[in-house]
2 protein chains.
Amino acid sequence: MSDAEQTRQNILTVAADEIHQHGFKATSLSVILNRCEISKGALYYHFTSKIELGYAVFEEVYTPMFLNVWQTPLTVDDPIEGLCDFLTSMTEQMSCSEVVCGCPLNNLCEEMANVDEGFRLRILCMQEQLNQMIVDALERIRGDLRENLAFSQVGYFIVATLNGATSLSKSSRNKLLFQQVIAELCLYIRALKK
Amino acid sequence: MSDAEQTRQNILTVAADEIHQHGFKATSLSVILNRCEISKGALYYHFTSKIELGYAVFEEVYTPMFLNVWQTPLTVDDPIEGLCDFLTSMTEQMSCSEVVCGCPLNNLCEEMANVDEGFRLRILCMQEQLNQMIVDALERIRGDLRENLAFSQVGYFIVATLNGATSLSKSSRNKLLFQQVIAELCLYIRALKK
DNA sequence: ATAATAACCAACCGCTCGGTATGTTGCAAG
DNA sequence: CTTGCAACATACCGAGCGGTTGGTTATTAT
């Protein structure tokens, strides 16, 4: 990797972390510059504006991370148990920063979706992709599931509940409420089976 | 009501609307001053700082509004149907601004819970109150419900899912996803009965 | 040897923000 | 009649923000 590309990747990584911790608007470029030990000129050489940097972080850091994390549990033999194991292990592995900072995608959705159209469309696209992955997994085992299930509706329901659960852990500052919601969500998911 | 109290109430109302629309940090005091047609001196006569104004909005506007909205469907004869009717009517009555702006409590939770302890504790208290209302309603009809239900867990699950549903409507900018999640949530709630 | 370009750096700019210090007005008590 | 306080208004402050401008350096092509 060239020096320039290395610099760019470093900016993206640091910016992703800052945005995750403080949100997009509250993320200060000067903090990113300090952490990367570069000047403002360097940042504006690689990115034309703060918001373009935000878009790049979304597309090049958050999106691949997200798709990668969800793909494994959904492509396993039994996606129902895959999902439940995945969600349960989330509650165990959840670091302190994740309890406090929440999910990057959900955070950006809350903060930016109604302010900036560029962010909104990217977030929407990501949510639709995630939903489609769930739908695909459910359809793959539709024989094992109850009749009359609206797969897309179920998918969005699962995603919504998970987001709401991270929201609850922000205010309680511990995993307990999150774990409870996830436990109940797993009950719901397992009840999808016949 | 005295003139001074009138001024104070006016500030609270306008601030509540601004915070709902733009979040706490992005809410500008000067905008509030313009809308209220008062000076900065007037605002700082009634409130010692921006954050104290925020607390006052939470306690004197959001909290009573919230408790009032939830009490009705939960104290009805059949809280299961009360809840479902309540949620369904939300999807119908939902104004355009509510689709875009989301729930004030959830917004503040996402934005401020991990930044300011004063907000965090107030939000947590509100969430616990809401959960307790749901738990009380469920216990009142526990004879009609399935065995082995963890009422508190169910309460937080419902709240979490509702919050997640409003989040989804922010990115899609329409009611459709919200309606789907609520529809699935009602299926879940009705399935609590034997 | 020189010209051009990529990859930066340092200094500065206008703007908005929350907050403060001081000034003013009207009314009510003594 | 004046004193005093409640209820404001006006003007200003420093800090931090995103963004711009004008260099500077090292590498590469001619």
Side-chain angles (χ1 to χ4, degrees), chain A residues 1-58 60 107-108 111-112 114-119 122, chain B residues 1-58 60 107-108 111-112 114-119 122:
Chain A
M1 184 157 41
S2 68
D3 284 4
E5 186 59 22
Q6 179 72 44
T7 302
R8 198 187 120 93
Q9 288 302 322
N10 192 220
I11 295 173
L12 282 176
T13 305
V14 169
D17 182 52
E18 287 292 326
I19 292 173
H20 184 203
Q21 281 191 52
H22 309 109
F24 178 77
K25 283 183 276 189
T27 285
S28 164
L29 294 186
S30 59
V31 170
I32 296 176
L33 303 182
N34 285 337
R35 282 185 59 182
C36 291
E37 293 179 326
I38 58 171
S39 71
K40 193 165 277 194
L43 192 149
Y44 274 87
Y45 173 78
H46 289 285
F47 304 95
T48 64
S49 64
K50 186 190 182 186
I51 205 148
E52 287 297 332
L53 170 60
Y55 294 163
V57 165
F58 191 93
E60 300 178 40
N107 290 352
L108 279 176
E111 184 190 3
M112 300 302 296
N114 52 8
V115 173
D116 180 82
E117 195 71 358
F119 266 121
R122 283 169 174 82
Chain B
M1 185 157 41
S2 68
D3 283 5
E5 186 58 24
Q6 179 72 45
T7 302
R8 200 188 118 93
Q9 288 302 323
N10 192 223
I11 294 173
L12 283 175
T13 305
V14 170
D17 182 52
E18 287 291 326
I19 292 173
H20 184 203
Q21 281 189 53
H22 307 110
F24 177 76
K25 285 182 275 189
T27 285
S28 164
L29 294 185
S30 60
V31 170
I32 297 178
L33 303 181
N34 285 337
R35 282 185 58 181
C36 291
E37 293 179 329
I38 59 171
S39 69
K40 193 165 276 195
L43 192 149
Y44 273 86
Y45 174 78
H46 289 285
F47 303 95
T48 64
S49 64
K50 187 191 181 187
I51 206 151
E52 287 297 331
L53 171 60
Y55 294 162
V57 165
F58 190 94
E60 301 178 41
N107 289 353
L108 279 176
E111 184 191 2
M112 300 302 295
N114 52 7
V115 173
D116 180 85
E117 194 71 356
F119 266 122
R122 284 169 174 83

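The sequence lines fix the lettering, A, B, ..., with proteins before strands; numbering per chain opens at 1. All values below were derived from every heavy atom in this structure, side-chain atoms included, with hydrogens, water molecules and symmetry-related copies excluded. The structure presented is a predicted model; accordingly, all values stated were derived computationally and were not measured.
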Specify the separation, in whole Å, of atom NZ of B:K40 and atom P of C:dT24. 21 Å

Has A:K40 got a side-chain atom pairing as donor or acceptor with A:L29's backbone, closer than 3.5 angstrom? no

In whole angstroms, how far is the P atom of D:dT20 from the CZ atom of A:F47? 16 Å

Could you walk me through whether A:Q6 and A:N10 pass the side chain to side chain donor-acceptor pair (under 3.5 Å) test, one step at a time? CA-CA 6 Å; A:Q6 179 72 44; A:N10 192 220; over 6 Å; no

Using atom CD1 of A:I32 as one end and atom C1' of D:dG16 as the other, report the distance to the nearest whole Å. 15 Å

What about A:K50, does its side chain sit under 3.5 Å from the base of D:dG19 through a donor-acceptor pair? no

Please determine whether a side-chain nitrogen or oxygen atom of A:T7 lies at a distance below 4.0 Å from atom OP1 or OP2 of C:dA7. no

Closest to side chain of A:S39, choosing from D:dA7, C:dG18, C:dC8: C:dC8

Does B:R8 reach the main-chain N or O of B:A4 with its side chain, forming a donor-acceptor pair under 3.5 Å? no

Taking atom CD of B:E37 as the centre, report whether more than 12 heavy atoms of other residues, nucleotides or ligands fall under 6.0 Å from it. no

Rounded to whole Å, CD1 of B:I38 lies from P of D:dC8 at a distance of 8 Å

Does B:S28 make a side-chain N or O approach to OP1 or OP2 of C:dC17 shorter than 4.0 Å? yes

Under the 3.5 angstrom rule, does the side chain of A:K25 hit a backbone N or O of A:M112 as a donor-acceptor pair? no

For B:L43 and C:dC17, what is the distance between atoms CG and P respectively, to the nearest whole Å? 14 Å

At less than 4.0 Å, is any side-chain N or O atom of A:Y44 found next to OP1 or OP2 of D:dG19? Yes or no. yes

Respond yes when some side-chain nitrogen or oxygen of A:S30 is under 4.0 Å from OP1 or OP2 of D:dG16, and no when none is. no

Toward the 5' end of DNA chain D, by each residue's nearest nucleotide, A:T27 or B:E37: B:E37

Remember a base hit wins even if backbone is also touched, and classify B:T48 as base, sugar-phosphate or nothing at under 4.0 Å, heavy atoms. nothing

For D:dA7 and B:Y45 - does any side-chain N or O of the residue sit under 4.0 Å from the phosphate oxygens OP1/OP2? yes

Give a yes/no answer on whether the side chain of B:H46 brings an N or O atom under 4.0 Å of OP1 or OP2 in D:dC8. yes

Rounded to whole angstrom units, what separation is found between the CD atom of B:E52 and the P atom of C:dG19? 10 Å

Interatomic distance, B:L33 CG vs C:dC17 P [rounded to whole Å]: 10 Å

Between CG of A:N34 and P of C:dC9 the distance, given in whole Å, is 12 Å

